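Note that the numbering runs from 1 along the sequence shown for the chain. Note that this is a predicted model, so its numbers are computed, not measured. When a ligand or atom number is given, it counts from 1 through the structure's own listing order.
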Amino acid sequence: MNILILGSGGREHTFAWKLAQSESKPNIFVAPGNAGTHEIATNIEININDFNCVKEAVLSQHIDMVVVGPEDPLVNGVHDFFLEDDQLKNIPVIGPQKAAAELEGSKAFAKAFMERHNIPTAAYKEFTQENLEEGYAFLESLNPPYVLKADGLAAGKGVLILQDLQEAKEELKSMISDGKFGAASARVVIEEFLDGIELSVFVLTDGKNYKVLPTAKDYKRIGEGDTGLNTGGMGAISPVPFANEEFMAKIHDRIIEPTVRGLEKDNLPYKGFIFIGLIKVGNDPKVIEYNVRMGDPETEVVLPRLKTDFVEIFKAVANGTLDQVPFEIDSRAATTVMNVAGGYPEAYNKGDEITGIDAVTDQIVFQAGTTLKGGKIVTNGGRVLAVTAFGTDFREALQSSYEGVSKIQFKDRYYRTDLGFDL
Ligand code: AMP
Ligand code: GLY
């Protein structure tokens with residue numbers, strides 16, 4: 001079986017690593033991939049948002065299944081493109097169709113979906129140029145901090161949390177009228193601030209049946225103690241200690257079940273991962289956001305804990321038989337520590353040689369922003385690689401992750417040393 005993974009990050013390296021362990025020994029292709037995927041798969045250098053290029057690669061490599069890593073091809077309709085093409089329509093795509101991918105592609109769409117299906121989330125209103133004045137009035141009616149969200153995809157940067165009313169009004173104007181996030185912020189969702197601790201839940205669905213994957217907690221800020229700029233994620237742990245049975249039952253009954261049933265009711269075709277970003281307010285879970293893909297670096301701790309054959313799982317998603325596949329989960333904790341290039345998430349260097357990966361034997365190195373240059377592995381992105389380890393609890397796992405990190409070097413490498421500090 002020939003499987004093509006779209007994407008180039010740590011998430012996609014982890015997908016490839018997990019698929020490579022399958023009994024069925026698939027041939028794995030990754031587009032465009034990185035230096036890590038190159039070791040276990042065939043990289044294909046294409047732009048994954050140019051679907052004609054994807055088609056050419058799929059046909060020339062005789063691909064039998066496509067697994068989509070990031071959100072943009074999904075929001076751009078890659079799954080629909082396959083279904084509408086005579087040569088591609090029988091090749092399963094893991095990832096929702098365009099209409100369902102709007103859960104991530106439009107915050108306003110996601111909020112309306114939650115409202116329609118009684119899924120707990122922050123109270124909100126949406127604004128455009130037409131009702132900008134009402135937006136100012138709405139801000140005046142709220143207590144700080146003010147939460148402003150660009151409706152569309154903004155590479156994870158579209159959420160502003162502001163303490164000052166005047167500043168919130170100015171930012172609202174800059175988002176809507178001055179295109180602060182381009183077309184993505186022509187519409188803005190303003191919502192109630194929720195105070196609590198965050199966690200993420202991952203669901204895999206075939207559109208009818210679904211399985212819940214292990215929980216994870218991501219550390220998004222660049223600085224120790226969750227300070228400084230937002231990043232794609234500086235590390236993750238799984239499971240989340242406070243997500244006990246009672247709390248998970250609430251998440252299941254109030255959020256997961258109504259989400260999957262809501263997709264069915266609304267005729268939103270979904271075969272893929274649903275990433276539910278949650279916040280625990282008091283003892284109740286509320287949805288912060290939906291993503292229509294796995295998280296990165298959450299994948300680097302969730303998939304290593306999944307024991308079930310990944311090819312069998314994806315086949316069942318494609319065939320609508322996910323109920324027939326038992327999911328076996330490793331009871332150990334897993335942690336991952338992201339190593340980033342100095343300066344990230346602002347300007348950073350590329351092309352610096354990375355050494356020591358081979359010396360890491362008791363942990364797993366998932367590569368993200370790496371590439372090969374003259375036979376050497378060099379940095380090629382802000383988030384460079386993640387070091388995953390297991391332990392009886394997250395503290396033990398973290399200690400092991402940091403041991404692995406200590407064996408790797410590259411110029412101006414930075415990582416957070418305080419993951420799990422809030423637990
Ligand atoms: P999002 O892009 O929707 O995940 O938002 C980015 C981050 O902003 C989240 O991970 C939260 O930390 C924070 N956030 C978003 N919405 C809210 C809210 N209503 N209340 C508090 N924090 C929020
Ligand atoms: N780690 C957060 C994300 O993948 O969006």
**OP:** Determine yes or no for a side-chain-to-main-chain donor-acceptor pair under 3.5 angstrom, with Arg305 supplying the side chain and Asp330 the backbone.
**Re:** yes
Original post:
For ligand 1, which atoms have a heavy atom of Lys107 less than 4.0 angstrom away?
Top reply: 1 (P), 2 (O), 3 (O)
**OP:** Using only heavy-atom distances, determine whether the side chains of Tyr146 and Gln163 contain a donor-acceptor pair under 3.5 Å.
**Re:** no
Original post:
What atoms of ligand 1 come within less than 4.0 Å of a heavy atom belonging to Lys149?
Top reply: 3 (O), 15 (C), 16 (N)
Original post:
For ligand 2, which atoms, with element, lie under 4.0 Å from some heavy atom of Glu298?
Top reply: 1 (N), 2 (C), 4 (O)
Original post:
For ligand 1, which atoms sit closer than 4.0 Å to a heavy atom of Glu191?
Top reply: 16 (N), 17 (C), 18 (C), 19 (N)
**OP:** Identify, by atom number and element, the atoms of ligand 2 in contact range of Gly295, meaning under 4.0 Å from any of its heavy atoms.
**Re:** 4 (O)
Original post:
Regarding Glu300 and Thr388, is there a side-chain donor-to-acceptor distance under 3.5 Å anywhere?
Top reply: no
**OP:** Would you kindly specify which portion of Arg293 sits under 4.0 Å from ligand 2, judged on non-hydrogen atoms: side chain, backbone, both or neither?
**Re:** side chain
Original post:
Would you say Gly232 has any N or O atom under 3.5 Å from an N or O of ligand 2, going by distance alone?
Top reply: yes
**OP:** Ignoring hydrogens and angles, state whether a donor on the side chain of Thr14 or Thr299 is under 3.5 Å from an acceptor on the partner side chain.
**Re:** no
Subject >> Phe138 ring center within less than 6.0 Å of Phe127 ring center >> reply: yes
**OP:** Scan the protein's non-hydrogen atoms and note whether one is under 4.0 Å from atom 7 (C) of ligand 1.
**Re:** no
**OP:** Could you tell me whether Lys173 atom NZ has more than 12 heavy atoms of other residues or ligands within 6.0 Å of it?
**Re:** no
Original post:
Does NZ belonging to Lys125 count more than 12 external heavy atoms closer than 6.0 Å?
Top reply: no
Subject >> Interfacing atoms of ligand 1 (cut-off 4.0 Å, heavy-atom, Phe193) >> reply: 20 (N), 21 (C), 22 (N)
**OP:** Decide whether an N or O pair under 3.5 Å exists between Asp218 and ligand 2.
**Re:** yes
Original post:
Hey, does Glu289 come in under 3.5 Å of ligand 1, counting only N/O atoms on both sides?
Top reply: yes
Subject >> Thr37 side-chain N/O to Ala41 backbone N/O, donor-acceptor pair under 3.5 Å >> reply: no
